[in-house]
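One structure is given here, and the rest of the page talks about it.
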Amino acid sequence: MKTVTLLRWRGTFQTDMFLYLLGLVVFYYLYRWFREIPRVPDKGDKYVYITGCDSGFGNLLARHLDELGFCVIASCFTEKGEEDLRKACSGRFTTLHLDVKKNESVDKAAALIKDKVGARGLWAVVNNAGVAMPSAPCDWLTIDDYKSMLDVNLNGVIAVTLSVLPLIKKARGRVVNVASVFGRISPGGGPYTVSKYGVEAFNDSLRRNMVPFGVKVLCIEPGFFKTTMTDWIVLGKSFKQLWEKMPQEVRDDYGPDYLDKVDMRMREKLAKMSDADLMKVVSCMEHAVSAVRPRTRYSPGWDAKLFWIPMSYMPTGFVDWLLLKKAIIPAKAVY
């Protein structure tokens, strides 16, 4: 009788504890949801500078913030990008040409922005410009391949931020850096993950440096989304060009059919993994710009939340095993 009573008590206790913990989780998310609802006032007096607005996330964000009433300064690499945005947006909207690899272009843009915002300062800069090519195994690449991407994805982010940081400090505004889940974990070779790890480090150091000045520094870490950066038709062409210019010795290491195997695998994987709803990312970017209490980090995409970010906390040996388990093996692999 005592044993039955004890078992019932244990069962009741475990149920109560589960419900109590579930209640705490629900309460936390409800509290966070309510806390994150308020938006900053006087949007019409706030200037937001966005890089990389020719297409993708930057283009959608520029249009979205314009609709919300912000004074958007959208930088594009091409004249067509500027023209299309001017046609689609309001009279408050400003476009300018920017090549983040060139200091003179960055400085010229900063000078134009300083004249435009005046004493009120710049409310936010969104560092969105980035490239995904060249991407390939490390031994396919040269140091110039690394430099070309780092100049855009990392040095460009730093240069743009520093060029307008005094204006952001004046407004007690915010810096929004678009990194990637691959700034947390590096599943493949090449400079892309190196550049995004660098963005994460810059973001963290800048965030702590700017606390005394009332400036918020936020980071967006998207998973896979359907943009030109995940278009295998574009990426595959670059991949093939790298293969063709490699020394024959390196091609022999991988085998003559390696390129075809990668092509087949990536077409299948990117199609399945890439989310077509770009507004999941844009909504996070908008919240980082406009919320009274923004989050420090945003990880849009279910693959980011449920796979890549959790994996980044796992033991290194386990992660290596998991990622290599289904990798395409080079012809002269020794394991």
Side-chain angles (χ1 to χ4, degrees), residues 32-33 35-76 85 88-90 92-96 98 100 109-110 113-114 116-117 120-130 156-157 160-180 199-200 202-204 206-207 210-211 213-222 225 277-301:
R32 190 177 75 166
W33 180 69
R35 189 174 182 274
E36 293 179 349
I37 289 175
R39 296 299 197 265
V40 294
D42 304 320
K43 295 182 180 69
D45 294 329
K46 290 180 168 59
Y47 285 86
V48 181
Y49 176 28
I50 310 169
T51 67
C53 295
D54 295 88
S55 62
F57 301 133
N59 187 281
L60 289 174
L61 178 66
R63 295 167 187 257
H64 185 52
L65 291 182
D66 180 61
E67 289 173 0
L68 293 177
F70 284 96
C71 298
V72 176
I73 303 170
S75 73
C76 298
L85 281 172
C89 297
S90 71
R92 294 183 310 275
F93 199 89
T94 304
T95 64
L96 53 84
L98 179 67
V100 298
I113 292 167
K114 184 178 181 180
K116 192 161 191 69
V117 303
R120 76 191 75 186
L122 180 65
W123 174 248
V125 60
V126 182
N127 286 303
N128 169 74
V157 168
V160 168
T161 302
L162 297 182
S163 73
V164 294
L165 196 55
L167 300 175
I168 293 172
K169 288 167 72 176
K170 186 180 290 187
R172 296 178 66 182
R174 47 197 67 177
V175 177
V176 182
N177 292 314
V178 181
S180 167
V199 170
E200 293 273 357
F202 175 66
N203 186 86
D204 287 350
L206 183 67
R207 185 182 66 249
M210 289 297 105
V211 167
F213 302 103
V215 172
K216 293 180 171 63
V217 180
L218 306 319
C219 192
I220 315 292
E221 303 169 328
F225 285 85
D277 185 7
L278 303 190
M279 285 306 296
K280 288 177 181 175
V281 179
V282 174
S283 296
C284 291
M285 297 163 97
E286 177 268 316
H287 190 271
V289 169
S290 67
V292 173
R293 290 179 286 269
R295 299 181 192 178
T296 304
R297 277 189 166 82
Y298 299 81
S299 301

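None of the values given here were measured: they were computed from a predicted structure.
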Going through the distances and angles, do Val72 and Thr95 end up as a side chain to side chain contact (heavy atoms under 4.5 Å, CB included)?
-> CA-CA 8 Å; Val72 176; Thr95 64; over 6 Å; no

Non-hydrogen atoms of Asn203 and Cys219 that approach each other most closely = ND2-CB, 3.5 Å

Does atom NZ of Lys116 have more than 12 heavy-atom neighbours, drawn from other residues, nucleotides or ligands, at distances under 6.0 Å?
-> no

Measure the shortest side-chain to side-chain distance between Phe70 and Val40 over non-hydrogen atoms and say whether it is less than 4.5 angstrom.
-> yes

Could you state the interatomic distance from CE (Met285) to CG (Asn177), rounded to the nearest 0.5 Å?
-> 10.5 Å

Report the distance from atom OG of Ser283 to atom OH of Tyr298, rounding to the nearest 0.5 Å.
-> 11.0 Å

When you check the side-chain N and O atoms of Ser90 and Asp66, is any donor under 3.5 Å from an acceptor?
-> yes

For side chain to side chain contact (heavy atoms under 4.5 Å, CB included), just list the numbers for Arg297 and Glu200, CA-CA rounded to whole Å, side-chain angles, deciding distance to a tenth of an Å, and then say yes or no.
-> CA-CA 10 Å; Arg297 277 189 166 82; Glu200 293 273 357; 3.0 Å; yes

Mind checking the CG-OH spacing from Asn127 to Tyr49? Nearest 0.5 Å is all I need.
-> 8.5 Å

Side chain proximity check, Leu98 to Cys76, heavy atoms < 4.5 angstrom = no

So does Asp42 pair up with Arg120, basic N to acidic O under 4.0 Å?
-> no

Can any side-chain N or O of Trp123 pair as donor or acceptor with the backbone N or O of Val289 at less than 3.5 Å?
-> yes

Tell me, do Val281 and Leu60 make a side-chain contact under 4.5 Å, heavy atoms counted?
-> no

Interatomic distance, CE@Met210 vs CZ@Arg174, rounded to 0.5 Å, equals 15.0 Å

Short side-chain to backbone donor-acceptor contact, Ser75 and Ile50, under 3.5 Å = yes

Can you check side chain to side chain contact (heavy atoms under 4.5 Å, CB included) on Phe213 and Val211, steps first, answer last?
-> CA-CA 5 Å; Phe213 302 103; Val211 167; over 6 Å; no

Does Arg39 reach the main-chain N or O of Ile37 with its side chain, forming a donor-acceptor pair under 3.5 Å?
-> yes

Contact check, side chains of Val48 and Leu122, non-hydrogen atoms, under 4.5 Å | no

Got a second to check how far Leu68's CG is from His64's NE2, nearest 0.5 Å?
-> 4.5 Å

Residue pair Leu218 / Ala288: nearest heavy atoms and the distance that separates them = CD2-O, 3.9 Å

Over all atoms of both residues, closest heavy-atom pair of Cys71 and Gly44 = SG-O, 3.0 Å

For the residue pair Val126 and Leu61, establish whether any side-chain heavy-atom pair is separated by less than 4.5 Å.
-> yes

Where is the tightest heavy-atom contact between Leu167 and Ala110, given as atom of each residue plus distance?
-> CD1-O, 4.5 Å

Measure across Asn59 and Asp54 and return the closest heavy-atom pair with its distance rounded to 0.1 Å.
-> ND2-O, 3.4 Å

Would you say Lys43 has more than 12 foreign heavy atoms packed within less than 6.0 Å of its NZ?
-> yes

Between the side chain of Thr51 and the main-chain N/O of Ala129, is any donor-acceptor distance below 3.5 Å?
-> yes

Are a donor atom and an acceptor atom from the side chains of Glu221 and Ser180 found within less than 3.5 Å of each other?
-> no

Is there side-chain contact between Arg63 and Leu85, with heavy atoms separated by less than 4.5 Å?
-> yes

Backbone of Ser290 reached by a side-chain donor or acceptor of Lys46 within 3.5 Å | no

Could you tell me which non-hydrogen atom of Phe93 sits nearest to which non-hydrogen atom of Ala74, and how far apart they are?
-> CZ-CB, 3.5 Å

Pairwise distance CZ(Phe202) to OG1(Thr161) - rounded to 0.5 angstrom | 4.5 Å

